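Note sheet for the following structure.
Quick caveat, the model's predicted, so the values are computed rather than measured.
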There are 2 protein chains.
Amino acid sequence: MQIATWNVNSIRTRLSQVLAWLDRQGSLDVLCLQETKVVDEEFPREAFQERGYWVEVYGQKSYNGVALISRDPLEKVERGFAPLLGSVEDWDEQKRVISAVYQGIRILNLYVPNGSEVGSEKYAYKLRWLALLKQYLTVALQQKEPILMCGDFNIALEDRDIYDPKKAGEIMASEPERQALREILALGFQDAFRKFTAEPGHFSWWDYRSGGFQRNRGWRIDHQYLSPDLYEKATACWIDIEPRRAEKPSDHTPVIVTL
Amino acid sequence: MQIATWNVNSIRTRLSQVLAWLDRQGSLDVLCLQETKVVDEEFPREAFQERGYWVEVYGQKSYNGVALISRDPLEKVERGFAPLLGSVEDWDEQKRVISAVYQGIRILNLYVPNGSEVGSEKYAYKLRWLALLKQYLTVALQQKEPILMCGDFNIALEDRDIYDPKKAGEIMASEPERQALREILALGFQDAFRKFTAEPGHFSWWDYRSGGFQRNRGWRIDHQYLSPDLYEKATACWIDIEPRRAEKPSDHTPVIVTL
DNA sequence: GCAATGCTTG
DNA sequence: CAAGCATTGC
């Protein structure tokens with residue numbers, strides 16, 4: 001089984017690239033998309049359905065938005081934090097979480113806030129959101145299902161995940177963010193990518209600005225985190241940088257795990 | 001010798017399509033472009049020069065803009081109405097005219113105002129501009145050079161040039177516009193396309209809106225007009241609708257004349 | 001419907 | 001640098 005995560009930075013703009021990539025994959029089971037940037041009614045479902053894929057979406061206008069595209073039907077679809085945390089508060093004004101069960105595995109697709117700048121209001125929101133995610137996972141883990149949690153985390157957990165370790169301390173690599181993510185992983189998740197690859201220099205995102213990709217100024221901020229049973233079963237995890245070479249690419253490229 | 005006219009609706013957006021089309025033509029001598037929508041410093045000259053073409057431009061920000069791309073060098077290049085009508089008044093705030101001599105033929109590349117709606121201020125501007133063009137041609141014809149005048153005229157001269165003759169009277173087919181164009185042609189120009197093809201149903205422009213191209217709701221508003229000596233020599237004139245079928249096409253497609 | 005603009009976000 | 005938005009033009 002293969003599951004991929006890809007921040008496409010607008011599904012409407014990237015549709016042809018996503019379809020071409022899907023066609024090339026052949027054996028993909030689930031594709032988790034982030035930053036679809038479209039309300040559910042305008043998501044191009046048909047393009048995927050015509051190819052035989054199942055589609056579940058959770059989006060909004062302009063910002064954020066997540067989606068699950070799968071070969072077989074998805075079950076027990078949950079949108080946002082509310083299904084597990086309750087809807088007394090509106091956790092889900094920003095659409096950043098969608099989850100479903102695929103062949104007995106709970107797939108959790110996340111778009112973690114970017115945080116803008118360390119110390120900013122958006123940074124505070126990112127940290128609060130990560131605390132919320134921890135709560136959410138605490139509940140989710142009580143189901144005793146195997147969980148695959150993937151998406152754009154907007155956090156490079158270790159210095160080897162950044163092209164320049166001097167970036168440690170800045171946004172996406174500050175200690176509070178890393179600590180928050182470590183606490184989440186401590187609930188019982190491991191990084192599928194690091195099961196197979198230890199060296200630095202593997203990235204999933206390159207800034208559009210000032211030739212970030214050409215100069216390979218990348219960050220590994222898109223992750224596949226697995227509960228212990230799945231981590232045991234994982235046989236591969238890799239980053240496909242090909243889509244980042246396209247004309248008008250997303251700034252992110254897919255990360256794929258094989259179970 | 002082959003000369004083409006093509007309203008590309010932004011040369012920066014259409015560059016790859018224009019280059020691919022040029023590559024397919026092989027024997028093209030001069031390509032007259034309209035609606036380049038770019039200031040001269042930002043025109044992508046290099047892309048053409050690398051392929052061995054000569055480039056002359058006359059553009060502005062956002063709107064209008066014309067250019068000449070040629071296999072051999074162009075001589076006696078003139079920008080706007082001013083070179084023949086004098087610069088006491090600013091005829092050329094809108095960049096709509098460029099002209100040059102190619103192998104002894106004066107090529108005149110025009111982007112006639114659209115006119116928006118019959119009776120509007122822009123419609124009045126269109127009629128004034130056509131009167132100005134008539135004056136300009138009166139001077140130009142004194143040079144006794146053969147003249148090829150082509151471009152986007154934004155006028156369908158006869159009912160057979162529109163998908164629906166009921167459009168006669170509306171913008172691009174109103175009697176004052178047609179009369180103004182007839183007066184211009186009466187100075188000594190003939191329609192190269194109609195030398196070879198009499199039937200209706202041949203168009204060079206289809207509105208982007210409401211599936212104009214798919215329903216073949218077209219207009220023939222891009223023209224190749226020739227002075228008598230050249231008209232005599234013309235051996236073919238046709239519309240290449242292939243570029244209009246492209247992804248993200250211009251709303252116009254090229255018209256080519258062979259001399 | 002598809003360009004352009006200037007604006008905001010990442 | 002490239003999305004989104006709203007506005008303008010054709």
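We find that CH2 of B/Trp205 is positioned 8 Å from C1' of D/dC10, with the value rounded to whole Å. For the pair A/Asn7 CG and D/dC1 C1', the computed distance is 15 Å after rounding to whole Å. Taking atom CD on B/Glu121 and atom C1' on D/dG9, their separation rounds to 15 Å, with Å as the unit. One atom, CZ of B/Phe213, and another, P of D/dC10, lie 23 Å apart when rounded to the nearest Å. For B/Asp222 and D/dC10, the CG to P distance is 15 Å, given to the nearest whole Å. Atom CD of B/Gln60 is separated from atom P of D/dT8 by 18 Å (rounded to the nearest Å). The nearest whole Å value for the distance from the CE atom in B/Met172 to the C1' atom in D/dG9 is 13 Å. The separation between B/Trp219 atom CH2 and D/dC10 atom P is 15 Å, rounded to whole Å.
Remark: B/Arg45 engages no residue in a side-chain hydrogen bond (donor to acceptor under 3.5 Å, both in side chains) (not counting sequence neighbours). Taking the ring pair (Phe, Tyr, Trp, His ring centres under 6.0 Å) definition, one finds that B/Phe81 meets it with B/Trp129, B/Tyr136, sequence neighbours left out. B/Glu42 is linked by a side-chain hydrogen bond (donor to acceptor under 3.5 Å, both in side chains) to B/Arg12, counting only residues two or more places apart in sequence or in another chain. Looking at residues two or more places apart in sequence or on another chain, you find no side-chain hydrogen bond (donor to acceptor under 3.5 Å, both in side chains) involving B/Tyr163. The side-chain hydrogen bond (donor to acceptor under 3.5 Å, both in side chains) check on A/Arg215 picks up nothing, with sequence neighbours excluded.
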Q: Starting at the 5' end of nucleotides 1-10 of chain C, put B wherever the base has a protein heavy atom under 4.0 Å, S where only the sugar-phosphate does, and a dash everywhere else.
A: BSSSSS--SB
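Side-chain contact annotation: A/Lys37 with A/Asn9, donor-acceptor N/O pair under 3.5 Å present.
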